[in-house]
Amino acid sequence: MEENMEEGQTQKGCFECCIKCLGGIPYASLIATILLYAGVALFCGCGHEALTGTVNILQTYFEMARTAGDTLDVFTMIDIFKYVIYGIAAAFFVYGILLMVEGFFTTGAIKDLYGDFKITTCGRCVSAWFIMLTYLFMLAWLGVTAFTSLPVYMYFNLWTICRNATLIEEANFCLDLRQFGIVTVGEEKKLCSPSDNFLRMCESTELNMTFHLFIVALAGAGAAVIAMVHYLMVLSANWAYVKDACRMQKYEDIKSKEEQELHDIHSTRSKERLNAYT
């Protein structure tokens with residue numbers, strides 16, 4: 001009988017411990033972190049492969065080559081964009097972890113308001129700093145999303161030209177890279193529908209794959225923007241809760257102090273009456 005009671009108490013203790021652990025998980029921050037990681041992974045992975053596909057298209061069908069020396073050409077710009085992608089992936093991997101840690105600490109501070117845990121001014125300052133930093137990152141991701149829409153627009157035009165060239169017979173469609181600013185005005189890199197390179201490019205799967213990779217990268221950047229907005233809502237709510245918790249803590253401290261003072265006054269008066277009676 002006693003063994004069954006002990007087993008029941010042990011199971012109850014494990015169940016309560018699991019419920020307490022699950023209750024301390026910041027689910028809103030967890031959802032935002034998953035969305036951020038998914039968006040950054042899509043943007044960085046698909047963007048990197050789309051840039052590689054762009055280099056292959058320019059070299060194979062437009063017959064462009066890297067310029068010697070330190071000249072800033074389109075291939076150098078693409079290499080710079082790849083390094084920027086590497087930095088974005090590393091930076092937001094660390095930032096997502098920091099926001100999750102902040103969510104755990106803030107959730108613990110709210111849950112343990114009436115326990116031994118004390119919310120410090122430093123914690124509130126850290127939460128406010130994260131709100132400001134997340135807002136700046138949201139603006140940065142809006143800029144990245146707008147910038148990513150440019151290659152999507154370019155490839156959409158190219159895809160439309162290829163489709164019209166296959167639908168309309170004996171039509172002469174040309175694509176000049178100068179209109180997109182990829183090459184200088186003095187260089188003439190043009191592909192027209194009667195040429196073999198134009199037909200091979202339109203029939204290749206590389207063009208279609210690169211176009212769709214840029215679309216997925218654009219969707220990933222949009223998902224990162226949504227994640228930043230989600231983080232802003234979570235951080236703002238947590239900061240407001242922590243601020244109210246600090247006020248409640250101060251009220252409880254003042255109340256307990258006043259009660260202790262009243263208790264001391266009553267004790268002193270009781271002793272004085274007892275002495276006067278004796």
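Values below: every heavy atom of this structure, side chains too, minus hydrogens, waters and symmetry copies.
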**Student:** As an exercise, state the distance from CG of Leu213 to CG of Leu51, rounded to the nearest 0.5 Å.
**Tutor:** 10.0 Å
**Student:** Looking at every heavy atom in both Ala28 and Val234, which two are closest together, and how far apart are they?
**Tutor:** CB-CG2, 3.5 Å
**Student:** Heavy-atom distance under 4.5 Å between the side chains of Glu206 and Tyr61, does that happen here?
**Tutor:** yes
**Student:** When you look at Phe75 and Gln59, which way does the side chain to side chain contact (heavy atoms under 4.5 Å, CB included) test go after all the steps?
**Tutor:** CA-CA 10 Å; Phe75 297 107; Gln59 290 178 340; 3.8 Å; yes
**Student:** Is any side-chain heavy atom of Thr54 closer than 4.5 Å to one of Phe214?
**Tutor:** yes
**Student:** Classify the ring geometry between Phe130 and Tyr95 as parallel (under 30°), tilted (30 to 60°) or perpendicular (over 60°).
**Tutor:** tilted
**Student:** Is it the case that one hydrophobic cluster holds both Tyr153 and Val74, taking links as side-chain heavy atoms less than 4.5 Å apart, direct or via other members?
**Tutor:** no
**Student:** Minimum heavy-atom separation for Tyr231 to Gly96, with atom names?
**Tutor:** OH-O, 4.1 Å
**Student:** Check the surroundings of atom OH in Tyr135: do more than 12 heavy atoms from other residues, nucleotides or ligands lie under 6.0 Å from it?
**Tutor:** no
**Student:** Of all the heavy-atom pairs spanning Gly222 and Thr145, show the shortest one and how long it is.
**Tutor:** N-OG1, 4.0 Å
**Student:** Does the pair Phe211 and Leu158 meet the rule for a side chain to side chain contact (heavy atoms under 4.5 Å, CB included), with working shown?
**Tutor:** CA-CA 9 Å; Phe211 177 40; Leu158 181 56; over 6 Å; no
**Student:** Let me see the working for Tyr37 and Phe92 under ring pair (Phe, Tyr, Trp, His ring centres under 6.0 Å), right down to the final yes or no.
**Tutor:** CA-CA 8 Å; Tyr37 282 169; Phe92 279 92; 9.6 Å; no
**Student:** With rounding to the nearest 0.5 Å, note down the distance linking CG in Leu199 to OG in Ser204.
**Tutor:** 11.0 Å
**Student:** Looking at every non-hydrogen atom in both residues, tell me the closest pair between Val40 and Ala89 and how far apart they are.
**Tutor:** CG1-CA, 4.1 Å
**Student:** Quick check: closest heavy atoms across Ala217 and Cys46, and the distance to 0.1 Å?
**Tutor:** N-CB, 4.0 Å
**Student:** Would you say the ring centers of Phe147 and Trp141 fall short of 6.0 Å from each other?
**Tutor:** no
**Student:** Count I, L, V, M, F, W, Y as connected when their side-chain heavy atoms are under 4.5 Å apart, and connections chain through other members. Are Trp129 and Ile131 then in the same cluster?
**Tutor:** yes
**Student:** Nearest 0.5 Å, what's the OG1-CG distance between Thr33 and Leu98?
**Tutor:** 10.5 Å
**Student:** Would you say that Thr52 contacts Thr210 through its side chain, given a criterion of any heavy-atom pair below 4.5 Å between the two side chains?
**Tutor:** no
**Student:** Tell me the closest heavy-atom pair linking Ile85 and His48, and the distance in Å.
**Tutor:** CD1-N, 3.8 Å
**Student:** Taking side chain as C-beta onward, heavy atoms only, is Ile88 less than 4.5 Å from Val84?
**Tutor:** yes
**Student:** Quick check: are there more than 12 heavy atoms from other residues, nucleotides or ligands sitting under 6.0 Å from CE of Met233?
**Tutor:** yes
**Student:** With the 4.5 Å side-chain cut-off for hydrophobic clustering, are Tyr86 and Val144 part of the same group?
**Tutor:** no
**Student:** Would you say His212 and Tyr155 are linked by a side-chain donor-acceptor pair, where the criterion is simply a distance under 3.5 Å?
**Tutor:** no
**Student:** For the atom pair OG1 (Thr134) and CG (Leu235), what is the distance rounded to the nearest 0.5 Å?
**Tutor:** 5.0 Å
**Student:** For the atom pair NZ (Lys82) and CE (Met77), what is the distance rounded to the nearest 0.5 Å?
**Tutor:** 13.5 Å
**Student:** Please report the interatomic distance NE2(His230) to CG(Leu99), rounded to the nearest 0.5 Å.
**Tutor:** 11.5 Å
**Student:** With hydrophobic residues grouped by side-chain heavy-atom distances under 4.5 Å, do Val55 and Leu150 end up in a single group?
**Tutor:** yes
**Student:** Group every Ile, Leu, Val, Met, Phe, Trp and Tyr by side-chain heavy-atom contacts under 4.5 Å, then state whether Met154 and Phe43 land in the same group.
**Tutor:** yes
